Peer 1: 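Here's a structure for you.
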Amino acid sequence: MISFLLYLYRFYGVLQKCNQNSAFSDPHFPSTSLPSSPLAVPSRQRCPQASGLESLAPLVRSVEETPSPIPSTIRGTIPTWINGSFLRNGPGKFEFGKDRYNHWFDGMALMHQFHICEGNVTYNSRFLQSDSYVCNSEKNRIVVSEFGTLAMPDPCKNIFARFFSRFQIPKATDNAGVNFVKYKGDFYASTETNYMRRIDPQSLETKEKVDWSQYIAVNSATAHPHYDREGATYNMGNSYSKSGFFYNIIRVPPPEEKAATEDSADLTGAKVICSIRAAEPRKPSYYHSFVMSENYIVFIEQPLKMDLMKLMYTGMESEVMYRAAPMLTLHQINAFEDSGFLVMDMCCADDGEVIGDFTLGNLRRDSGEEMDKFYNSLCRNLPRRYILPLTVDEQTPLDQDLVTLRNYTATAKKTKQGEVYMTHEELHSDELLQYGGLEFPQINYHHYNGRPYRYFYSCGFGHVFSDSLLKMDIHTKELKVWRYPGLYPSEPVFVASPNATEEDDGVVLSVIITPRKEKSSFLLVLDAKTFTELGRAEVPVNIPYGTHGVFNKMS
């Protein structure tokens, strides 16, 4: 069985050489040297098969931007204490001229803002004025390659220039359509290349392009950083050289008071605090995010590999290698330390095929049999808990469950010197299977990230795109659900109430769209404790299905 490897990085210490012993290379060729997975039935078979699913084509079509704020129609009540902007990002344009993008990830970034103040809500949106967007617009064709679409040579070039352009390495895109991130007090639209764009969070104006490689020696960074309680930001980025491929942990310091009035990007002080050598120099693992507790960062080296030959496009590392059965994780829920153990909760899939499956052709399938067939073939993501013992040494016995925490069913056994094999605990009941599993997990991040917690919020996937909102109690594994036919919610974002004393005292925000009616989108506000609807702010615009978002609180 192919494993994934966990590289454990501890804050404060001395950099040491990475342990390179690896048991996997290609996810299609299993190794027999590792224990078998505790789950023999794939998640796609455990969840009910769908029938009669509607087409989602209207949710993945190009739309117009709404640059000037427009008012919304309020149904119910929007709490007056909510004061700020709900910012979201995602693809919003899928063609230029006669050229069409192939993959959902390729669409040009469209930024959305729901501004909330004293119970009223306005909406506006703007396309990110990236170099990719501007160049494509000027040429009225796709001239910059994206995730799943290779730009064709300029038809105006002569035959020799067009021939040789096919052998040039495509320039990395700055189409930052994945998330909004924050560094030193500034907001940036971000993706998974070395480029991001600084953004004015109030006007959505696109500011300067920022190249990570101009500040530190990395070639890319994730769109899912973490933030500590002092205001520093942590992220992971790649680098490669003659010495091989490395996964790097990046730290950007908190903002300085004197720099707060300067209207320019500032990543000064950013540095790589740990570098982890890839197990296979020419086949590094893909990763979308990582997990961080109060004292540890965990990097997960997965069996989903990137073949660099085909692609062409101060800390201390743990001496223990942690292994488990193969899986794919894009988004982690939370992690915390407990009595000598690191508890890590993640959304996990059995394989990584879903990334390639989200082509626009698949997403635009007709209602009924064609859409059912596609959805039923997809792997379902389910929440899992892994527990890493932090005190493993030469005296730790072999083949004995090391997890001594009460009320946990995850296991961890030392299989040989310097290696621990883990089995996970399913962090859900069978009820979740009825909602197609879950993804896009969110918690009360400000108060509970890296600490023991009880609740997380997510999207249920009874369709190819999320068709429900879920609240999970990880103590009881009970669910609360918001779900209506034909309504498709975005990633839920928790906003705490003023002077909150309980973990779930606040609201959950989500943007709801539908393929059934033109210009019928709304911002949904749920009571986070009861998961009942408080109100909605309706706007007469078409909003495509997006990726991630944040709430920008204003004083």
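This structure is a prediction, so every number in the text was calculated from the model and none was measured.
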Peer 1: Could you tell me whether R451 and E503 have a side-chain N and a carboxylate O separated by less than 4.0 Å?
Peer 2: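 Not counted as a salt bridge, because no side-chain N and carboxylate O are separated by less than 4.0 Å.
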
Peer 1: Is the Y545 ring parallel, tilted or perpendicular to the F440 ring (thresholds 30°, 60°)?
Peer 2: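 Plane angle between 30° and 60°, so tilted.
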
Peer 1: Apply the test side chain to side chain contact (heavy atoms under 4.5 Å, CB included) to residues Y133 and N175: give CA-CA distance (whole Å), side-chain angles for both, the deciding distance (0.1 Å), then the verdict.
Peer 2: CA-CA 7 Å; Y133 179 86; N175 176 37; over 6 Å; no

Peer 1: Report yes or no: does Q302 contribute a side-chain atom to a donor-acceptor pair with the main-chain N or O of T329 at less than 3.5 Å?
Peer 2: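 It does hold such a pair.
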
Peer 1: Quiz question: by atom type and distance under 3.5 Å, do the side chains of H103 and Y101 form a donor-acceptor pair?
Peer 2: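 No.
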
Peer 1: Check step by step if side chain to side chain contact (heavy atoms under 4.5 Å, CB included) holds for L56 and L363.
Peer 2: CA-CA 6 Å; L56 299 178; L363 298 179; 5.8 Å; no

Peer 1: Say whether Y287 and N238, considering side chains only, have a donor N or O and an acceptor N or O under 3.5 Å apart.
Peer 2: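 Yes, a side-chain donor-acceptor pair sits under 3.5 Å.
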
Peer 1: For V495, does its backbone N or O pair with a side-chain atom of K553 as donor and acceptor, under 3.5 Å?
Peer 2: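 No: the side chain of K553 does not pair with the backbone of V495.
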
Peer 1: Hey, are the side chains of I300 and H288 touching, using non-hydrogen atoms and a 4.5 Å cut-off?
Peer 2: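 No - every pair of side-chain heavy atoms lies 4.5 Å or more apart.
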
Peer 1: Are any side-chain N or O atoms of Y435 and backbone N or O atoms of V481, one a donor and one an acceptor, separated by less than 3.5 Å?
Peer 2: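 Not confirmed, Y435 side chain does not pair with V481 backbone.
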
Peer 1: Is a donor from one side chain sitting under 3.5 angstrom from an acceptor on the other, for S132 and T173?
Peer 2: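 Per modelled atom types, S132 and T173 side chains form a pair under 3.5 Å.
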
Peer 1: In plain terms, say whether R198 and D266 are close enough for a salt bridge, that is, a side-chain N and a carboxylate O under 4.0 Å apart.
Peer 2: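 Salt bridge between R198 and D266, a charged N being under 4.0 Å from a carboxylate O: no.
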
Peer 1: Could you tell me whether the side chain of D174 and the main chain of D131 form a donor-acceptor pair under 3.5 Å?
Peer 2: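 Yes, D174 side chain to D131 backbone: donor-acceptor pair under 3.5 Å.
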
Peer 1: Is it true that the NZ or CZ of R323 lies under 6.0 Å from the centre of Y386's six-membered ring and within 45 degrees of the ring axis?
Peer 2: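 The answer is no; the distance or angle limit is not met.
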
Peer 1: What heavy-atom pair brings L470 and G437 nearest, and what distance separates the two atoms?
Peer 2: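 Taking L470 first and G437 second, the nearest heavy atoms are CD1-O, 4.3 Å.
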
Peer 1: Determine the minimum heavy-atom distance between P492 and Q442, stating which atoms define it.
Peer 2: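 Shortest heavy-atom contact: O-CG, 2.8 Å.
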
Peer 1: Please report the closest heavy-atom contact between Y215 and V210, naming both atoms and the distance.
Peer 2: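 Looking at all heavy atoms of both residues, the closest pair is CE1-CG1, 3.8 Å.
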
Peer 1: Are the side chains of R380 and R44 in contact, using a 4.5 Å heavy-atom criterion?
Peer 2: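 Yes, side chains in contact.
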
Peer 1: Could you walk me through whether I82 and V525 pass the side chain to side chain contact (heavy atoms under 4.5 Å, CB included) check?
Peer 2: CA-CA 10 Å; I82 305 176; V525 182; 4.3 Å; yes

Peer 1: For Q434 versus R483, what's the shortest heavy-atom pair and its separation?
Peer 2: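 Minimum heavy-atom separation between Q434 and R483: O-NH1, 4.1 Å.
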
Peer 1: Closest approach of E294 and G450, non-hydrogen atoms and distance?
Peer 2: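 Smallest interatomic distance, heavy atoms only, reads CG-O, 3.4 Å.
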
Peer 1: Sub-3.5 Å donor-acceptor pair from the side chain of S190 to the main-chain atoms of H224, do we have one?
Peer 2: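 Judged by distance alone, no pair lies under 3.5 Å.
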
Peer 1: Heavy atoms, side chains only, cut-off 4.5 Å: are P284 and Y240 in contact?
Peer 2: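 P284 does not reach Y240 side chain to side chain.
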
Peer 1: Does the S466 side chain pair with the main chain of P489, one donor and one acceptor, at a distance under 3.5 Å?
Peer 2: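 Yes; at least one donor-acceptor contact below 3.5 Å.
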
Peer 1: Give a yes or no on whether the backbone of F180 and the side-chain of N89 come within a donor-acceptor separation of less than 3.5 Å.
Peer 2: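 Not at all, since once roles are kept as given, no pair shorter than 3.5 Å links the two residues.
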
Peer 1: Does C347 offer a backbone N or O that forms a donor-acceptor pair with the side chain of N381 under 3.5 Å?
Peer 2: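 Not at all, since once roles are kept as given, no pair shorter than 3.5 Å links the two residues.
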
Peer 1: Looking at D350 and R384, does any basic side-chain N land under 4.0 Å from a carboxylate oxygen?
Peer 2: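 Between R384 and D350 there is a salt bridge, with a charged N closer than 4.0 Å to a carboxylate O.
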
Peer 1: Does the side chain of T411 come under 3.5 Å of the side chain of T423 through a donor N or O and an acceptor N or O?
Peer 2: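 The answer is yes; a qualifying pair exists.
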
Peer 1: For Y183 and N235, which I'm curious about, is there any donor-acceptor pair between the side chains at under 3.5 Å?
Peer 2: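 A donor-acceptor contact under 3.5 Å links the two side chains.
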
Peer 1: Are Q332 and S289 close enough that a side-chain donor and a side-chain acceptor fall under 3.5 Å?
Peer 2: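 S289 and Q332 do have a side-chain donor-acceptor pair below 3.5 Å.
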
Peer 1: Could you pull out the closest heavy-atom pair between P225 and T222, with the gap in Å?
Peer 2: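 Residues P225 and T222, closest heavy atoms: N-OG1, 4.1 Å.
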
Peer 1: Closer than 4.0 angstrom, basic N to acidic O: yes or no for D504 and K471?
Peer 2: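 So D504 pairs with K471 through a salt bridge.
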
Peer 1: Check the pair Y453, D345 against side chain to side chain contact (heavy atoms under 4.5 Å, CB included), reporting the backbone distance first and the verdict last.
Peer 2: CA-CA 11 Å; Y453 73 112; D345 300 339; 2.5 Å; yes

Peer 1: Could you grab the distance from atom CD of E439 to atom CG of L330, nearest 0.5 Å is fine?
Peer 2: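 One finds 6.0 Å between CD of E439 and CG of L330.
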
Peer 1: Give the ring-plane orientation class for F465 versus W104, where under 30° counts as parallel, over 60° as perpendicular and anything between as tilted.
Peer 2: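 Ring orientation of F465 relative to W104: tilted.
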
Peer 1: Give a yes or no on whether the backbone of T268 and the side-chain of K184 come within a donor-acceptor separation of less than 3.5 Å.
Peer 2: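 Flag set: sc K184 to bb T268 pair under 3.5 Å.
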
Peer 1: Check the pair F147 / F105 against ring-ring contact (aromatic ring centres under 6.0 Å, His included), numbers first and verdict last.
Peer 2: CA-CA 6 Å; F147 175 86; F105 294 172; 5.0 Å; yes

